[in-house]
Each structure stands twice: as structure tokens, then as C-alpha cells.
Amino acid sequence: DTLKRERARHPTRTGPGNNGRGVIAGSERKGKGIMGQSLSSDDKSVEFRTSMPSMSGHLQTFDTDSVEIVQRSGKFGKLMIVEREKSSVVIASMRSNQSYRSKSSSVADGFDKDNVAPPQHATWPNISAIMISEVVGAGVLTLSAKYAQLGWILPTIFIVLIFFLVVYTSRMMVEVKKVFGGIISLSDAGLYTYGRAVEIITELFCLTYLIFTLGDYLLLVGKSMGSTFYDVRICQPYWLLIGSAILVPITQLRTLNATTLLCALNMASIIIAVALVIAGLVIKGRESDVETYAIAQDLDFMTFMQALSNIFFTFGGQFMFYELMAEMKDFTEFPKTFYIAGPFQVPIYLIVGCVGYYFKGKEASGYFLDNLGFGWMYRLASALLCFHMLVAFLILANILSRIMHIKISPYHVNDLTLRGKAEWFGITTAVIVTSFIISNAIPFFEELTGLIGGLLVPSLNVIFPISFYIKMKFMIGEKVEWWEWMIYIPIIAAGVLITVVSTVQNMSDIILNWGNEGGLSRAIAKTFGTRVLAVRYAWNSQA
């Protein structure tokens, strides 16, 4: 019905033009090639087939040979309905030397009554606020311990360096989207450049990141809740269970409309919590026996790589950049978001790391709030952190639940009847149960954060964006200069090295902690620990 109305309204609307929001509406498509040549083709078929559901939840079926309509989970889990040219058609046109920059993509809000007006209204300052609220969170709490492991110089350099690396790769992502306008997610970039197999691999990385990060967030919810009520003697699994029970009704919110207020409250809570800890440390003062070093003494290769994985985690929001671009008035302005995000994000990371290390030295805790002793400031900071993590969990859980709902039951994604609500309840509950299992299986916040940061974030932030950009350059016939290869190859190699080495280090630390836990954890540690620890010590001796 949507496309019929669009055809009646714009009977001659064409594809590659129309300011990047073209809809192939007639039987003829015309456009300009990359080199300026014109391209036209006759599409005999005008019947549409798609899995896009209507507001009633029923399947609508209409598609052409060159256009598809897909569903994506956007910011805050909002459903986006995307009409775009099929990747196979775009790639085929490139191979036939009739290449053109694919501009045919329109995005509609899945809960809009008419599904006509695109929600591409966000400006780059709006997106900056969203990025800050999503990225600044759990990872920042481990940074004082990373300074304790590395000393003053190395973590300071890498926080700044990784930030500029994220800015650089985000520009690459924009360039890829300029060519393939139908890209709405990182996995879409894999589809348009390398094909279906890479799309699946990229999507698995994104889903794994979401699942384990939610487990990390739930672990922090339970930990901060226990810290808030530190005089109540309850074991951590029970706090995790209480946190899960609180999250079940909260995650039934299928749309998060008050995004500006949500971002503001989320940012304020973590800033005040960190400020309270810093104030407490300043009031208490620095003990005379605290020692700090420019470069940490007895620093080994594996510890260095593990610390890098935690720093990478603090910049782990890049998997959502394409979804954020899809909601912008002009996605080419996306790199401007770092004009606000950078001056906010980087100083907070440096302040937290430096202050914790200055006052605590080598004893700086991997959970920043533990640097503050018991008292009302500790209790208030823990309560604010608990609120922050509940909101952060809600945002990521909505995104993951929407992705799963689209895959499991695309007919009823927008269904607000009893069936649709029951499906949403089942999916969100399954997400919470999975997070509960992960947080109990790996109940070590610093190690779990490092595992996620080392195993997944280098690929999502560095390896995938650079690889997609290089392939895009080949596809449009542009040469990758030698000096570019001199930049790309070392960065990709470093990403692979961090992924492998830090994962071994983090897993070995988790196994050692399992061995100290007793019961099932000790049995698992005995089964798998010997091999992992052998690899760790072998690499340390070679390094």
C-alpha cells in the first residue's frame, strides 16, 4: 500500500537520483555512472515481494527484480523499513562497466502510520549525544587499573590514538556508504562489498558483541546494586537475579521515544558517579607509599595486549555507526559528530585513568568505584551507576531484541496485539536469561570487559571497516595507493594480533579466577586451563 501511494504521488520518480532517497517507481530507471556516463535499463516487472509487515502485522508482498525492502534495528532498537537496490544488482552493474553510485534507498519508521515519511531528520549534534550516551559507560570504569598495569605514558597514548583511529575508520565507512546508499548496518557493508558469506560473519560478530556486552552490563547492574546496599549481605548471583527481575518489565518498552531525555539522564548519571569517586579520592588524599611509573615495571607482552583490549572496549560503539547514519539528514556529516564526542569522551577517559592511578598507584581497582571507601558517597555513586547500567542495558537489549524479532517473526514485528506483545516478551526475556547466564559464568567484570574488547572490538572498529573500504575502492575502479597500503596493513595486522593475544590472556585470567571459585568453575578450569595457560606462558617467554 505504501509503494502504491508513492507511485500515485510520484509516477516518474527515478532511482539513483532524488537526493539519495530515490524509489524505483516506474518501468524505467535512469542515472549517472561513477565516471559520469548515463545508465538506463528497462524493468519489465513491477510486482513487489517483500517481508515488510503492515501495521496490522500481516505480510505485504511486492518487489521488483532490482529493489528489495528490508527491516533493520536502528538506534534504541527502533524498527527501520528500508527500500533499496539489491546488492546483487549493484554489483552486477559494476561488473558490466555500467557502475553507478547506488542512491536508491529510503528509510521509513516502522511505527509511522503511513510508513512514507523517512525518519532521516537527525543532525550531527543529535547523533553526538547518542554516541556519548552509548559509548561512555562500563569500559571507563576499568581505565585506572589499565594505568596501573601500563604506567602513565602508554595508556594515555593509546586512548588518544584509538580515538583518532575510530575517527579515521568512520570516514571510511562514510565513503563506502556514498557508493552503496542501501547500507544500513555494518553487515550490509559486508554484503555489498564481499557478498553473503561476509555479511553473515559480520552479523555474527555484531550479535556476539551485543550478547556478551549485555552480560557485562548485567554483571555491572548486580555489582552496583550490591554496592548501593553494601550493608545487606547477599551473594552476587542473587543481586544479578534481582537486577534481571527489574529489567524484565523495563524491556517491554518497544519504542524509546524520549531519546534526548534518555541520553541526558544517562550521561548525567555516569558523570556524577565518576565525579563522586574523584571527589572522594581528593578528599581522602594520596597516601605516602603510593608509587607510580612512566612505564610500569615488569610489564610483559601479554599484560600489555590485555590492557589494550580494555581500552578498545571503551570505544566499542562503532558497530552502530551505519544505523546512526541512516537517521541523519546528511550522513556525510557523520565525522563531525566527533567534534563534540571527542572533547567529551577522551578527557573523561584520561581523567578517570590518571586520577585513579595517581591516588592508588599499582593498587588501582579494575572497578573504579572500589577506589572509594564505604560511605554515603560510595552508596550514591553506586546507585547512579546502577541507573546508568539499567538504561544502557535497556538500549542494547532493545536493539538485539528487535534484530531477533525481525529474524524469528518478521510478520509480527510491528504487531501491537496480544500475539506481538507475547513474542516481544519472549524474546526480551530470552535476552535477559542469556545475559544472566553469561554474567554468572564469567562473574569477573574486568576480565569479561577485556575479553569483549579484545575478541570483538578490533574487528568491528578496525578490520571490517578498512577491509570494506579497500574492496569498495577496487569495485569502483579506484587504485589504492602504496602509501595507503603502508597504513592499512599494519593497522589490520595490529588488530589481528590484539584479537588473538589478548583473548588468550583474558581467557587464561578467567580460567585462573574460575579455579579460585570452586565447584563447577574449578572443574572447567582444570579441563581447559592447562592448554590456555601453556599458550600464554609460551608467548610471554618468546616476547
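These figures come from a predicted structure and were not determined experimentally.
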What is the distance from atom [atom1] of [X] to atom [atom2] of [Y], rounded to the nearest 0.5 Å?
| X | Y | atom1 | atom2 | value |
| --- | --- | --- | --- | --- |
| Leu456 | Phe313 | CG | CZ | 10.0 Å |
| Leu214 | Phe436 | CG | CZ | 15.0 Å |
| Met486 | Trp483 | CE | CH2 | 12.0 Å |
| Ser224 | Leu384 | OG | CG | 10.0 Å |
| Thr314 | Ile162 | OG1 | CD1 | 6.5 Å |
| Leu308 | Ser502 | CG | OG | 8.0 Å |

Minimum heavy-atom distance [X]-[Y], with the two atoms named:
| X | Y | result |
| --- | --- | --- |
| Ile498 | Pro458 | CG2-CG, 4.1 Å |
| Val174 | Thr332 | CG1-CA, 3.9 Å |
| Phe301 | Leu497 | CZ-CD2, 4.3 Å |
| Ala364 | Gly356 | CB-O, 3.9 Å |
| Met377 | Leu276 | CE-O, 3.2 Å |
| Pro347 | Gly342 | CD-O, 3.4 Å |

Side chain [X], main chain [Y], donor-acceptor under 3.5 Å:
| X | Y | value |
| --- | --- | --- |
| His388 | Ser269 | no |
| Lys177 | Ile183 | yes |
| Thr303 | Leu299 | no |
| Thr228 | Ala383 | yes |
| Tyr322 | Met173 | yes |
| Ser401 | Asn398 | no |
| Tyr209 | Leu460 | no |
| Trp124 | Pro335 | no |
| Thr337 | Ser128 | no |

Report yes or no: do [X] and [Y] form a side-chain donor-acceptor pair below 3.5 Å?
| X | Y | value |
| --- | --- | --- |
| Tyr238 | Gln236 | no |
| Tyr378 | Ser227 | yes |
| Asn310 | Thr449 | no |
| Ser185 | Glu323 | no |
| Asn506 | Gln306 | yes |
| Thr156 | Tyr147 | yes |

Legend entry - Tyr488, OH atom: more than 12 neighbouring heavy atoms under 6.0 Å: yes
Inset, instruction - Please check if atom CZ in Arg171 has more than 12 non-hydrogen atoms from other residues, nucleotides or ligands closer than 6.0 Å. - result: no
Would you call [X] and [Y] a side-chain contact if the rule is heavy atoms closer than 4.5 Å?
| X | Y | result |
| --- | --- | --- |
| Cys354 | Ile351 | no |
| Phe319 | Asn461 | no |
| Leu247 | Leu394 | no |
| Phe331 | Lys178 | yes |
| Pro237 | Leu241 | no |
| Leu400 | Leu396 | no |
| Val462 | Phe312 | yes |
| Leu385 | Leu141 | yes |

Inset, instruction - Salt-bridge test for Glu363 and Lys360: reply yes if a basic N is under 4.0 Å from a carboxylate O, no otherwise. - result: no
Inset, instruction - Give a yes or no on whether a salt bridge exists between Glu203 and Lys407, defined as a side-chain N under 4.0 angstrom from a carboxylate O. - result: yes
Once the angle between the rings of [X] and [Y] is folded into 0 to 90°, is it parallel (under 30°), tilted (30 to 60°) or perpendicular (over 60°)?
| X | Y | answer |
| --- | --- | --- |
| Phe374 | Tyr230 | parallel |
| Phe338 | Phe321 | perpendicular |
| Phe315 | Phe163 | tilted |
| Phe464 | Phe205 | perpendicular |

Inset, instruction - List the steps, then state whether side chain to side chain donor-acceptor pair (under 3.5 Å) holds for Gln318 with Ser170. - result: CA-CA 8 Å; Gln318 195 158 347; Ser170 72; 5.8 Å; no
Inset, instruction - Please report the C-alpha distance between Phe180 and Met475 in whole Å, then the side-chain angles of each, then the deciding distance to 0.1 Å, and finally whether the side chain to side chain contact (heavy atoms under 4.5 Å, CB included) criterion is met. - result: CA-CA 11 Å; Phe180 304 110; Met475 292 175 74; 3.8 Å; yes
Inset, instruction - In sequence, state the C-alpha distance, the side-chain angles, and the governing distance for Ile438 and Asp216, and then conclude on side chain to side chain contact (heavy atoms under 4.5 Å, CB included). - result: CA-CA 8 Å; Ile438 292 173; Asp216 196 34; over 6 Å; no
Legend entry - Partner residues of Trp152 under the ring-ring contact (aromatic ring centres under 6.0 Å, His included) criterion, sequence neighbours left out: Tyr357
Inset, instruction - Could you tell me whether Lys284 sits above the aromatic face of Phe359, with NZ or CZ closer than 6.0 angstrom to the six-membered ring centre and within 45 degrees of the axis? - result: no
Legend entry - Residues in side-chain contact (heavy atoms from CB on, under 4.5 Å) contact with Ile437, at least two apart in sequence or another chain: Val433
Legend entry - For Ser439, all residues meeting side-chain contact (heavy atoms from CB on, under 4.5 Å), sequence neighbours excluded: Leu218, Leu219, Leu240
Inset, instruction - Assess whether side chain to side chain contact (heavy atoms under 4.5 Å, CB included) is satisfied between Leu390 and Cys386, documenting all intermediate values. - result: CA-CA 6 Å; Leu390 286 170; Cys386 184; 4.2 Å; yes
Legend entry - Pair Thr193-Val198, side chain to side chain contact (heavy atoms under 4.5 Å, CB included): steps then yes or no: CA-CA 9 Å; Thr193 52; Val198 174; 5.6 Å; no
